[in-house]
Amino acid sequence: MLTLDMVREAQEALRGIARRTPLDPAPRLGENIYIKAENLQLTGAFKLRGAYNKIRSLIPEEAARGVVACSAGNHAQGIALSATRLGIKSVICMPAGAPISKVEATRNYGAEVVLVPGVYDDAAAEAERMVREEGYTFAHPFNDPLVIAGQGTIGLEILEQLPEVEQIVVPIGGGGLISGIAFAVKSLRPDCRIVGVQAAGAASMYLSRHAGGPTELRSVSTIADGIAVKKPGDLTFALCQQYVDEIVTVSEDEIASAILALMEVQKTVAEGAGATSVAAVMFGKVDTSSRKTVCLVSGGNVDVTTLSRIITKGLSKAGRIAEITTKVVDKPGSLLQLLKVVADSGANILSIDHSREDQHSDVGACMVSMVLETRDAAHVEKIRQQLTAMGYHLDD
């Protein structure tokens, strides 16, 4: 169903529609690391490629009925923009918890948005109902050869931009992105290693691979909303089994740390899903010691309020923010003595809470909780050791 000619035809069709995104070295992330920045794609994510390739291929009867799609946000924007450019009506079913920025962007691209309680799979069920009962043409976000071919154009670009690439690390949700890239790259460079990355809280492809067939999770929970998919497609699963060398998972803290690193080191904003490839490399889930490795940052559509929470989580994981709680004697000078230890350590106090009536404190003692700005995890440990040595009992 999928051929290299389909991917090449998609690449030609996307000229003037999708951007040829940068591929740059990231030496501060690792000697052999490069970033393919699909977060700089038009609509802010790679999904435009597959969406446009699908919509442009509709026969007149399908286009006349209008298109319905389900998405956590990025496929939604790709379908909305593509359909609007081609004069086709589009309806997008989105999980009610999708980031506000993605919902509003989808509307602004010209689509009618239907918010569905639950996660991606609930939105998919509503889209399927609209196909059955209202006659819309369904544009699947990943389990479609035309969509997969469109995403595969990224693989062709990577080979053109870095012919000596030896390994490509790709986020996985439903599997359309990695299926297209793996198929295109392995067809031309069988020796290039393809590694998929999933959030540990939504590892449907990872578990399906070990189970030997598409497996549905009971629930998914991750800050990487763009890849929060309960069950991969049968087509994408088969392609992953054939062309993907390995699939690994990353934790929420690791994803948050990767988002922070991309902002500080690469000066680029990635959403949770987009940063999983970098997280896998940063935390040793993928061996890059002897291979030129491209990390695909698949999208950058993250809500500002969500980004703020993610940054805080990333700072905490990196030891750049620490919370310390201890008891002090309730008498003049006790708090000052504690604060002097912290100040002499070089930490900066961001906030402090001093409570006499805390249920955990003894009579004649106070509970003090501090949020500190610190250099790294070693700095935090040094502060804790200093306080412990001076007789302070710290909460874990």
Side-chain angles (χ1 to χ4, degrees), residues 28-29 97 99-101 199-201 219 221-225 249-267 269-272 275 278-279 282-285 302-396:
R28 289 179 62 188
L29 293 176
I100 295 172
S101 59
S219 63
S221 177
T222 176
I223 58 175
D225 59 278
T249 64
V250 289
S251 70
E252 300 297 280
D253 284 350
E254 290 166 346
I255 295 171
S257 296
I259 292 172
L260 184 62
L262 283 165
M263 291 182 67
E264 289 193 314
V265 175
Q266 291 298 111
K267 312 304 179 187
V269 175
E271 59 187 275
V278 175
M282 284 178 57
F283 291 95
K285 307 298 178 69
V302 58
D303 190 76
V304 175
T305 55
T306 302
L307 182 61
S308 175
R309 295 194 296 271
I310 291 172
I311 289 172
T312 300
K313 194 175 185 68
L315 288 171
S316 179
K317 171 71 173 176
R320 305 270 295 279
I321 289 179
E323 184 172 356
I324 292 178
T325 300
T326 188
K327 295 177 184 178
V328 297
V329 178
D330 187 12
K331 67 179 184 180
S334 295
L335 179 59
L336 179 60
Q337 181 182 358
L338 172 66
L339 298 183
K340 187 177 186 306
V341 176
V342 173
D344 290 345
S345 74
N348 184 37
I349 298 175
L350 299 178
S351 66
I352 186 167
D353 180 68
H354 178 263
S355 176
R356 284 188 174 90
E357 299 178 356
D358 189 281
Q359 61 178 332
H360 300 294
S361 63
D362 302 324
V363 175
C366 299
M367 294 298 295
V368 177
S369 293
M370 301 173 289
V371 177
L372 308 179
E373 184 179 25
T374 47
R375 291 189 295 271
D376 51 31
H379 188 199
V380 176
E381 183 58 28
K382 183 178 179 181
I383 295 169
R384 294 181 67 88
Q385 289 175 357
Q386 288 175 334
L387 291 171
T388 301
M390 295 186 69
Y392 292 100
H393 298 283
L394 308 183
D395 289 357
D396 293 332

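Fair warning: this is a prediction, and the values are worked out from it, not measured in the lab.
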Subject >> Derivation of the side chain to side chain contact (heavy atoms under 4.5 Å, CB included) call for Thr306 and Asp225 >> reply: CA-CA 11 Å; Thr306 302; Asp225 59 278; over 6 Å; no
Subject >> Contacts of Val371 that satisfy side chain to side chain contact (heavy atoms under 4.5 Å, CB included) - sequence neighbours left out >> reply: Ile321, Glu323, Leu350, Ser351
**OP:** May I have all residue pairs that pass side-chain hydrogen bond (donor to acceptor under 3.5 Å, both in side chains) and include part of residues 374-383, sequence neighbours excluded?
**Re:** Glu381-Gln385
Original post:
With side chains defined as the heavy atoms from C-beta onward, is the minimum distance between Phe283 and Ser251 less than 4.5 Å?
Top reply: no
Subject >> Partner set under side-chain hydrogen bond (donor to acceptor under 3.5 Å, both in side chains) for Thr325, not counting sequence neighbours >> reply: Ser369
Original post:
Ser308 side chain to Val304 main-chain N or O, any donor-acceptor pair under 3.5 Å?
Top reply: no
Subject >> Residues that Ala258 engages under side chain to side chain contact (heavy atoms under 4.5 Å, CB included), provided they are two or more places apart >> reply: Ala275, Val278, Ala279, Met282
**OP:** Would you please name every residue forming a side-chain hydrogen bond (donor to acceptor under 3.5 Å, both in side chains) with Thr305, sequence neighbours left out?
**Re:** Asp303
Original post:
With sequence neighbours left out, what residues match Lys317 under salt bridge (Lys or Arg N to Asp or Glu O under 4.0 Å)?
Top reply: none
Original post:
Would a 4.5 Å heavy-atom cut-off, applied to side chains only, mark Ile259 and Val302 as touching?
Top reply: no
Original post:
What do you reckon, is CG of Leu394 surrounded by more than 12 foreign heavy atoms closer than 6.0 Å?
Top reply: yes
Subject >> Side-chain heavy atoms of Val368 within contact of Leu335, under 4.5 Å >> reply: yes
Original post:
Do Ile383 and Val341 have side chains that get closer than 4.5 Å, going by heavy atoms?
Top reply: no
**OP:** Output all residues satisfying salt bridge (Lys or Arg N to Asp or Glu O under 4.0 Å) with Asp253, sequence neighbours left out; order by chain, then residue number.
**Re:** Lys313
Original post:
Which residue pairs satisfy the salt bridge (Lys or Arg N to Asp or Glu O under 4.0 Å) criterion with at least one member in residues 341-351, sequence neighbours excluded?
Top reply: Lys340-Asp344
**OP:** Not counting sequence neighbours, which residues clear side chain to side chain contact (heavy atoms under 4.5 Å, CB included) with Ser334? List them please.
**Re:** Val328, Val329, Lys331
Subject >> Student check: side-chain heavy atoms of Arg320 and Glu373 closer than 4.5 Å >> reply: no
Original post:
If every non-hydrogen atom of Ala224 is compared with every non-hydrogen atom of Gly272, which pair is closest and at what distance?
Top reply: CB-C, 3.6 Å
**OP:** Kindly determine whether Arg309 and Ile223 satisfy side chain to side chain contact (heavy atoms under 4.5 Å, CB included), including the steps that lead there.
**Re:** CA-CA 10 Å; Arg309 295 194 296 271; Ile223 58 175; over 6 Å; no
Subject >> Leu262 CG to Lys267 NZ distance, which is reported to the nearest 0.5 Å >> reply: 11.5 Å
Original post:
Under the side-chain hydrogen bond (donor to acceptor under 3.5 Å, both in side chains) test, which residues partner Glu252, sequence neighbours left out?
Top reply: Thr222
**OP:** Apply side-chain hydrogen bond (donor to acceptor under 3.5 Å, both in side chains) to Asp395 and list each qualifying residue two or more places apart in sequence or on a separate chain.
**Re:** none
**OP:** Can you sort out the partners of Gln337 under side chain to side chain contact (heavy atoms under 4.5 Å, CB included), two or more places apart, ordered by chain and number?
**Re:** Met390, Tyr392
**OP:** Indicate yes or no: at least one non-hydrogen side-chain atom of Met263 is less than 4.5 angstrom from one of Leu307.
**Re:** yes
Subject >> Between CG on residue Leu387 and OG1 on residue Thr326, distance to nearest 0.5 Å >> reply: 7.0 Å
Subject >> Side-chain (Lys285) to main-chain (Thr249) donor-acceptor, under 3.5 angstrom >> reply: yes
Original post:
Per the side chain to side chain contact (heavy atoms under 4.5 Å, CB included) rule, which among Val380, Ile324, Asn348, Ile352 passes with Leu372?
Top reply: Ile324
